[in-house]
Structures are given as C-alpha cells and as structure tokens.
Amino acid sequence: EKGGYDYFMLKEIAEQPQAIADTLLGRLSERGDIVLDEVRLTDQDLRDVDKVFIVACGTAYHAGMVAKYAIEHWTRIPCEVELASEFRYRDPVLDRSTLVVAVSQSGETMDTLMALRHAKQQKARVLAICNTNGSTIPRESDAVLYTHGGPEIAVASTKAFLTQLVACYLIGLHLAQVRGVMYADEVAAVVSRLRRTPDALRELLGKMEDVRALARDLKSSSTVLFIGRHVGYPVALEGALKLKELAYMHAEGFAAGELKHGPIALIDKGTPVVCVVPSPAGRGVMRDKVVSNIQEVRARGARTIVIAEQGDDGVVAYADHLIEVPRTPTLLAPLMTTVPLQILACEIAAARGHDVDQPRNLAKSVTVE
Ligand code: F6R
C-alpha cells in the first residue's frame, strides 16, 4: 500500500509530479488557454470581481500566500490572504464583487467552512479549491476547482499543497484572461512553463540523496530557521511548519528582509538557517538581497542550507550545504523549492524516531473550530 516507500508521506512526495500533471489535465486548451468547466461563475461574474480574499489554514494558507503574488501580478486585482480562523472575527469588508477563494485539501476544515459561510452571508462569491469530491466546502461554494492530487494519507500535506498551488495559478491566469489583462500568448507562455514542471520535479526528486544525509546532521539541532523573500517567504513558512509538526523541533520561517528587525539576534554559532533564494532571472535584485541576507547570517555563525536555482553559481561561496532546483519562473518556483523542505522534515522526523505519517496531537481533517 505504501508502494515500496517507508512512509505514506514519502510516497505522496514522490507522487507530486503526477499530481501536478493530473491537476493540469483537461484544464488547458490546445491553444494553451485555460478551461475551467467546473467553475459555475460566468465570465461576467469574474469581470465584476474587484477584490479577492483567499481563506485557508496551515499548509493551504501557505498555498494562498503564494497565490496572492501570482493573482495580483497577473490580474492586477487586489488580493488578500487570511487565516480562516481569523477571517470572520474581524468583520472583513465583503460584497457581491468580492471573490472569496477557500482552499482546503479535505474540504471539511471547520475554520475554513465557517469563513466561507460568513463570506456567503455577506453576499461574496465563493470559489473552493479542494481535493475531496463532494466534501462540505465545495458543496457550500458557488463554484469549485478540484485538485487531482488523489488521496493523501499522511497527516502532513505534501502533494495537496503543490496541487493547490497549481489550482491557484490556473485561477489567476483564468481571471487575467477573461478580464483581458493578459494577452492569450502571455497566458500560453506561463501555461507552457507550468506544463514542464512535472518533468522538472521528477528530475529534482531524483537528486535528493544529499538531503537525507543533511537530515541526519540536523536531527539534534535545537532550532532550525528558514528565510525567504517574495514567494520564497511562504515556502520558508511551509518548511518550518513541516519540521514542527513532524520532527517536534522548534522551527520558524521569516521574511528574509525582516531578519535585521529582530530575528537575527537568534543566530548563534552553528544555528542552521535554510535560505530559499529567488531565481536570478527576472528579479535579480531580489535574489541579490537574499544573498546578502545569507552573508549576514553566516557572518554571525549560522550554518547555511541554501536552496537555489541550478546555475546560480554566485551562492556557492555562502552555502554550507547547497540544494539546487531546476530553473523555473519566479512565481512557479514554489513547485520546486518546497519539495526539498518536505523531504528534509520527513527525514529528520524519521531520524528522531517519530511516526512520520501520524504525528502526535494532529488529525488529518480538523473538524472543530
Ligand atoms: C500541514 C497540514 C495542515 C493542513 C490544514 C488545512 O501539513 O496538513 O496544516 O494544511 O489543517 O487542512 P485542509 O487543507 O484539509 O483544509
């Protein structure tokens, strides 16, 4: 049942290229534009949207954080992402022209469901991104885009996260397309890069032996810090969440630019800092800033674990441990950079003797508020 893997989590990590491909399947027309049949919102509804809220919990919330960058960049519609458990308690400004996107693997998360109900009461349109057919969240939504990740057994979410990202990208591109903000050839260019991600991810998965060795080295650390910028920031948060929930270690993710405003005081001799470096192509300035953050933590004794794009040779000098990922456009990079962090958390947890698939105190589907 685990298909030769020691844990469901490792099996599900390995299934990610297929999960991405399955989630893209049938959603892209020959010409490379996006077809979203299950979305029961008319093009006019989507043209009327003047604000997007993404609500979700945990890992799905991190997917929403990535989505915000993509949706705002592609559609120019303001997009907020909010923890579902906080959303309705602060009386958010919602109306008919607000699109609320509820992201949930299980479709049963009570916090997300309550946020969705609140949004509907305020007349907002609700679109669910969900992995579980017929579950409550899609049933109560105006429209749904299913992720085709297949069943996720391990409590820690992996393939569901990557497929949530894909679904968010599709919605962003679709919105940009119906609103005429992106030309068809621009959409097609992103789509063709998306189509290449399963192969790129297979290539990456084939080179993870080093991460296993690294996990054995890090298993006795008292803390692991993660830094990133732009879409690398939610990836850092996700890496830290995985380590907390599986290895029961203290871990924290930061926006790299925030280090100097406080967290850098945590750095001591040997403190492991995982650094997610943006692609040098396109946004070179951002990449250079992260590289200088890496130098700063290293100067204070940190042991740096650097995740960077293949060919970004400038980072080598600052990396105690380098993990290279295939070249990917900036907004799509989390489909690559997250994966070594999943494996790292899984292997550290295993090295510490924990039950990777069933971490203590956690349930797969959180049906209480
Ligand atoms: C972490 C994890 C959780 C879930 C969260 C939301 O690995 O799995 O943080 O992402 O409980 O669950 P869903 O997506 O089912 O609403």
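First listed ligand is number 1; within each ligand, the first listed atom is number 1.
- Remark: of the listed residues Asp22, Leu145, Ile171, Thr23, Thr23 is the sole one forming a side-chain contact (heavy atoms from CB on, under 4.5 Å) with Val166.
- If you check which protein heavy atom lies closest to atom 11 (O) of ligand 1, you get Val366 CG2, 4.3 Å.
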May I have the step-by-step check of salt bridge (Lys or Arg N to Asp or Glu O under 4.0 Å) for Arg96 and Asp48, ending in yes or no?
CA-CA 9 Å; Arg96 267 171 219 290; Asp48 289 341; over 6 Å; no
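- Taking hydrophobic clusters as Ile, Leu, Val, Met, Phe, Trp and Tyr residues chained together by side-chain heavy-atom distances below 4.5 Å, Leu41 shares a cluster with Val101.
- For Asn131, the side-chain hydrogen bond (donor to acceptor under 3.5 Å, both in side chains) test picks out Gln105, Thr147, with sequence neighbours left out.
- Of the protein's heavy atoms, Thr109 OG1, 2.4 Å lies nearest to atom 16 (O) of ligand 1.
- At least one heavy atom of Val155 lies less than 4.0 angstrom from ligand 1.
- Looking at ligand 1, you won't find any N or O of Lys364 less than 3.5 Å from one of its N or O atoms.
- For the ligand labelled ligand 1, residue Cys57 lies inside the 4.0 Å heavy-atom shell.
- Interface of Lys242 with ligand 1, defined as ligand atoms under 4.0 Å from a residue heavy atom, comprises 1 (C), 7 (O).
- Not one N or O of Thr112 is nearer than 3.5 Å to an N or O of ligand 1, by distance alone.
- Seen from the ring of Phe161, Lys159 does not count as a face-on cation partner, given the 6.0 Å and 45° thresholds.
- Of the options Ala63, Ser365, Ser106, the smallest heavy-atom separation from atom 15 (O) of ligand 1 is shown by Ser106.
- Relative to the ring axis of Tyr248, Arg352 does not place its NZ or CZ within 45° and under 6.0 Å from the centre.
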In sequence, state the C-alpha distance, the side-chain angles, and the governing distance for Lys11 and Asp6, and then conclude on salt bridge (Lys or Arg N to Asp or Glu O under 4.0 Å).
CA-CA 8 Å; Lys11 173 172 178 267; Asp6 290 345; over 6 Å; no
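- Residue Glu108 places every heavy atom at 4.0 Å or more from ligand 1.
- Nearest protein heavy-atom contact of atom 3 (C) of ligand 1 is Thr59 N, 4.0 Å.
- In this model, no donor atom of one side chain and acceptor atom of the other lie less than 3.5 Å apart for Lys242 and Thr338.
- Counting heavy atoms closer than 4.0 Å to ligand 1, residue Glu245 contributes side-chain atoms (C-beta onward) but none from N, CA, C or O.
- Ranked by closest heavy atom to atom 14 (O) of ligand 1, the top entry among Gln164, Gln105, Glu152, Met9 is Gln105.
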